[in-house]
Enquirer: 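A single structure is presented below for examination.
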Amino acid sequence: MNLFADIKTLVTDSLHSMQATGALPADLDFSNVTVEPPRDAMHGDMATNAAMVLAKPARKKPREIAQTLAEILVADPHVISADVAGPGFLNLRIDPANWRAVVPAVLQKGADFGRSDMGKSRRVNVEYVSANPTGPLHVGHTRGAVFGDALASLLDFAGYDVTREYVINDGGSQINTLARSAYLRYLEAHGQEVSFPDGVYPGDYLVPVGQALKEKFGDTYVDQPEDAWLEEFRNFATDAMMDLIREDLALLGVKMDVFFSEKSLYGTGKIEACLQTLKDKGLIYEGTLEPPKGKKPDDWEPRVQTLFKSSEFGDDADRPVMKSDGSWTYFAPDIAYHHDKILRGFDELIDILGADHGGYVKRMKAAVNALSDGKVPLDIKLCQLVRLFKNGEPFKMSKRAGTFVTLRDVIDLVGPDVTRFVMLTRKNDAPLDFDFSKVLDQSKDNPVFYVQYAFARVNSVMNKARDGGLDVSDTGLQNADLDGLSDDAELGLLKKLGEWPRMLELAAKHHEPHRIAFYLFDLASEFHSLHNLGKTNPEMRFWQPENPDLSQTKIALIRSVAVVLSAGLGILGVTPMQEMR
RNA sequence: GCACCCGUAGCUCAGCUGGAUAGAGCGCUGCCCUCCGAAGGCAGAGGUCUCGCGUUCGAAUCGCGACGGGUGCACCA
């Protein structure tokens with residue numbers, strides 16, 4: 001159930017009947033009509049802007065339309081009052097019974113309450129992390145991983161058919177660097193003194209790879225030229241790094257459906273076929289680009305290359321797909337990869353990238369637009385930097401990797417739940433401060449704790465009531481008489497619960513999982529507030545041993561809060577805690 | 001120079017794609033436990049939504065132009 005959607009339907013039905021009686025002209029677009037919570041609760045339960053939106057096309061005064069609409073709406077049993085306010089707002093008061101009905105709906109559906117079919121099972125591919133397989137994941141990857149995973153879960157909850165995908169960049173030259181770095185560790189494993197020049201990866205994580213290479217190949221490659229071992233070491237090291245990355249992801253609780261190898265595009269004709277498709281559309285040509293503006297490279301000279309006409313799709317310039325020596329640029333296999341996703345039948349594509357890839361957005365959207373004839377939308381979400389602190393001091397070095405803080409470092413220090421929640425308390429395009437000391441703080445200053453605590457607190461009350469002999473099972477609570485929920489604070493909490501399905505659809509529509517984190521914080525806040533009323537006013541306590549019926553009513557409400565908290569945390573990938581330790 | 005992101009309370013940030021008197025948390029001031037978990041709650045002070053022009057019934061939100069901050073601008077991946 002989604003009360004806001006129900007009332008919106010009621011409003012549009014009423015508008016149609018106004019058209020039938022001639023109160024409104026027949027040809028009107030209702031798509032801008034909204035039903036939403038008013039900013040100020042004093043105004044009512046819901047407000048609609050229908051009269052103001054329609055005033056101009058209908059050539060009527062907004063207040064006049066609102067008045068007629070109000071008369072129709074109050075006739076409906078759901079609506080207690082409909083008042084015209086301000087320039088033409090229509091404020092609605094809903095029969096509290098409608099809000100109370102949220103409770104049995106939550107208790108019956110459990111964690112599925114709020115699930116939506118807005119996605120209509122459309123197939124969405126969410127590509128995230130996709131770190132180069134050259135070492136362990138670091139904090140930057142962590143944010144992208146958490147964001148992508150939560151977004152995927154959110155879309156799933158909203159009725160999309162979601163595929164979580166990781167593309168392994170195993171085709172580029174950084175893999176050669178990895179192989180050479182592994183070779184040095186291999187020599188080291190044979191007791192040789194090695195040094196690590198600039199341009200190779202010095203991290204300790206390659207030590208075991210060197211050992212494993214020794215076990216596998218013995219001393220076969222010890223004094224051999226690069227040609228002899230490069231291919232072999234590339235494959236071995238890439239596999240080892242992907243195992244490492246999979247372990248990292250597992251620590252975070254991230255599970256991918258597909259690991260796509262970029263290498264699989266080479267030598268299979270896929271890149272060629274993709275570019276031929278573009279060529280057939282007249283979007284590939286031989287040409288010369290302008291020199292780059294700003295810092296001009298010293299060695300720049302005009303050269304003829306194979307270019308993609310991305311400027312026809314809003315990019316600033318055309319982009320090269322082939323170098324002058326005839327090899328592919330990075331862009332070419334990436335286009336082919338997105339082409340592959342289109343060919344696999346996805347209706348929508350989403351890429352999660354680091355903010356440093358901002359320059360890539362327009363050209364990739366251009367390519368997808370061209371290849372799908374504008375039919376498959378591509379949304380690219382850029383995740384800003386994470387700034388790490390400890391006790392207010394910047395935190396930079398890792399014991400493991402030496403040069404950067406790894407995902408494992410973060411998980412070891414604060415655990416996956418805290419990591420995930422904190423990283424989702426900011427929208428993706430805002431930088432995030434992550435202070436190791438603050439995120440572990442057990443107080444209301446820490447949103448993670450605050451939300452978890454609300455859940456634990458509900459459980460605590462329920463345990464107490466259960467010990468007192470009350471039936472607090474979900475089926476038992478469904479039978480509670482909810483008329484006893486009449487206090488403003490209780491109704492406020494009911495309304496907040498009623499907003500959950502609506503909030504969720506908006507978050508899914510905008511690809512913004514952070515909205516869930518903020519909602520959960522608000523919900524927890526209203527719960528704590530209500531809980532506190534019982535401190536001074538015993539009648540407001542949830543568990544009142546002398547009044548089991550009323551207790552059951554109140555506990556049905558807070559149990560619903562716990563269910564929604566749990567569902568929301570579940571989408572974010574955070575495990576709710578029964579009790580705080 | 002160009003593109004993208006950002007600019008909201010002293011600080012860190014929300015603001016539901018144009019709605020009503022712009023909201024939280026921290027910090028500051030003052031309150032509330034013989035208490036279902038005070039690991040909490042309530043109240044107060046604090047704003048020219050960076051600035052200007054425009055669009056309209058109505059702008060923090062949309063458009064244009066400044067200013068300030070970040071990121072990216074190679075045949076790198």
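Letters A, B, ... are given to chains in the order of the sequence lines, protein chains preceding strands, and every chain is numbered from 1. Note that the structure is predicted; figures quoted are calculated from it, not measured.
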Enquirer: Can you name the nearest heavy-atom pair linking Pro62(A) to Gly88(A), along with the distance?
Expert: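 Pro62(A) and Gly88(A) have their closest heavy atoms at CB-CA, 4.5 Å.
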Enquirer: Can you check the His510(A) NE2 to G15(B) P distance for me, whole Å?
Expert: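 Rounding to the nearest Å, NE2 of His510(A) and P of G15(B) are 10 Å apart.
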Enquirer: Can you tell me if CD on Glu539(A) sees more than 12 non-hydrogen neighbours from other groups inside 6.0 Å?
Expert: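 No, CD of Glu539(A) has 12 or fewer neighbouring heavy atoms, counting only those of other groups under 6.0 Å.
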Enquirer: Side chain of Arg457(A), base of C36(B): donor and acceptor closer than 3.5 Å?
Expert: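 Looking at the base of C36(B), it does not pair with any donor or acceptor on the side chain of Arg457(A) (distance under 3.5 Å).
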Enquirer: Can you tell me the distance, in whole Å, between the CD atom of Glu36(A) and the P atom of G15(B)?
Expert: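 Those two atoms, CD and P, are 14 Å apart.
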Enquirer: I'd like to know if Lys309(A) pairs up with Asp318(A) as an ion pair, taking the criterion as any Lys NZ or Arg NE/NH1/NH2 lying under 4.0 Å from an Asp or Glu carboxylate oxygen.
Expert: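 No, Lys309(A) and Asp318(A) are not salt-bridged.
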Enquirer: Provide the distance between the two C1' atoms, one in A9(B) and one in A3(B), to the nearest whole Å.
Expert: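 Going atom to atom, C1' in each nucleotide, I get 33 Å.
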Enquirer: Could you tell me whether the phosphate oxygens of A77(B), OP1 or OP2, come under 4.0 Å of any side-chain nitrogen or oxygen in Lys323(A)?
Expert: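 For Lys323(A), the contact criterion (side-chain N or O under 4.0 Å from OP1 or OP2 of A77(B)) is met.
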Enquirer: State whether a side-chain donor-acceptor pair under 3.5 Å links Ser551(A) with Gln544(A).
Expert: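 The answer is no; no qualifying pair exists.
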Enquirer: Over all strands shown, is Pro87(A) touching base, sugar-phosphate only, or nothing at heavy-atom distances under 4.0 angstrom?
Expert: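 Touches a base.
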Enquirer: Identify, between Leu506(A) and Met540(A), the residue whose nearest nucleotide on RNA chain B lies closer to the 5' end.
Expert: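 Mapping each residue to its closest nucleotide by heavy atoms, the 5'-most match is Leu506(A).
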Enquirer: Give a yes/no answer on whether the side chain of Tyr519(A) brings an N or O atom under 4.0 Å of OP1 or OP2 in A24(B).
Expert: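 No, because none of the side-chain N or O atoms of Tyr519(A) sits under 4.0 Å from OP1 or OP2 of A24(B).
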Enquirer: For Asp351(A) and Lys381(A), run salt bridge (Lys or Arg N to Asp or Glu O under 4.0 Å): C-alpha distance rounded to whole Å, both residues' side-chain angles, the deciding distance at 0.1 Å, then the answer.
Expert: CA-CA 6 Å; Asp351(A) 290 355; Lys381(A) 305 295 270 189; over 6 Å; no
Enquirer: With rounding to the closest Å, how many angstrom separate the C1' atoms on C64(B) and C28(B)?
Expert: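 Each nucleotide's C1' atom is 41 Å from the other's.
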Enquirer: Going by side-chain contact (heavy atoms from CB on, under 4.5 Å), Leu493(A) matches just one of Leu485(A), Leu557(A), Asp487(A). Which one?
Expert: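 One option only clears the test, and that one is Leu557(A).
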Enquirer: What is the distance, rounded to the nearest whole Å, between atom CG of Leu385(A) and atom C1' of C6(B)?
Expert: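 That distance rounds to 13 Å.
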Enquirer: Round to a whole Å and report the spacing from NZ of Lys362(A) to C1' of A3(B).
Expert: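 After rounding, the gap between these two atoms is 5 Å.
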Enquirer: What is the distance, rounded to the nearest whole Å, between atom NZ of Lys381(A) and atom P of C6(B)?
Expert: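 The distance from NZ of Lys381(A) to P of C6(B) comes to 10 Å, rounded to the nearest Å.
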Enquirer: Across all strands shown, which nucleotide pairs with C67(B) by Watson-Crick or G-U wobble geometry, both distances under 3.5 Å?
Expert: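 Here C67(B) is engaged in a pair, and the nucleotide opposite it is G7(B).
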Enquirer: Rounding to an integer number of Å, can you tell me how far Phe527(A) CZ sits from C36(B) P?
Expert: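 After rounding, the reported distance stands at 13 Å.
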Enquirer: Rounded to the Å, how far apart are Arg63(A) CZ and G58(B) P?
Expert: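 Checked: the CZ to P distance equals 16 Å.
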Enquirer: Roughly, in whole Å, what's the span from CG in Asn32(A) to C1' in U56(B)?
Expert: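 Interatomic distance, CG of Asn32(A) to C1' of U56(B): 14 Å.
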Enquirer: Respond yes when some side-chain nitrogen or oxygen of Ser529(A) is under 4.0 Å from OP1 or OP2 of C42(B), and no when none is.
Expert: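 Checking Ser529(A) against C42(B): at least one side-chain N or O falls below 4.0 Å of OP1 or OP2.
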Enquirer: Taking the nucleotide of RNA chain B with the closest heavy atom to each, which residue, Lys56(A) or Gln305(A), is nearer the 5' end?
Expert: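 Closer to the 5' end of RNA chain B: Lys56(A).
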Enquirer: Could you check whether Ser324(A) gets within reach of a base, just the sugar-phosphate, or nothing at all, counting any heavy atom under 4.0 Å?
Expert: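 Since a base atom lies under 4.0 Å of Ser324(A), the category is base.
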Enquirer: Sticking with atom C1', work out how far U61(B) lies from G1(B), rounded to a whole angstrom.
Expert: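 Taking atom C1' in both U61(B) and G1(B), they lie 30 Å apart.
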Enquirer: Ignoring hydrogens and angles, answer whether the base of A20(B) and the side-chain atoms of Asn91(A) contain a donor-acceptor pair closer than 3.5 Å.
Expert: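 Answer yes: a donor N or O sits under 3.5 Å from an acceptor.
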Enquirer: Please measure how far the P atom in G65(B) lies from the corresponding atom in C4(B), and state the result in whole Å.
Expert: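 About 11 Å, rounded to a whole number of Å.
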Enquirer: Looking only at side-chain N and O atoms, does His43(A) offer a donor or acceptor that is under 3.5 Å from a partner on Asn91(A)?
Expert: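 No - no donor-acceptor pair under 3.5 Å links their side chains.
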Enquirer: What I want to check is whether the side chains of Arg541(A) and His531(A) have a donor and an acceptor closer together than 3.5 Å.
Expert: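 No, because no side-chain N or O of Arg541(A) sits under 3.5 Å from a partner of the opposite role on His531(A).
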Enquirer: If a protein heavy atom is under 4.0 Å from the base, mark B; if only from the sugar-phosphate, S; if neither, -; do that for nucleotides 9-14 of chain B going 5' to 3'.
Expert: ---SSS
Enquirer: Could you classify C16(B) for me, syn or anti, using a glycosidic angle within 90° of 0 as syn?
Expert: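 Base orientation: anti.
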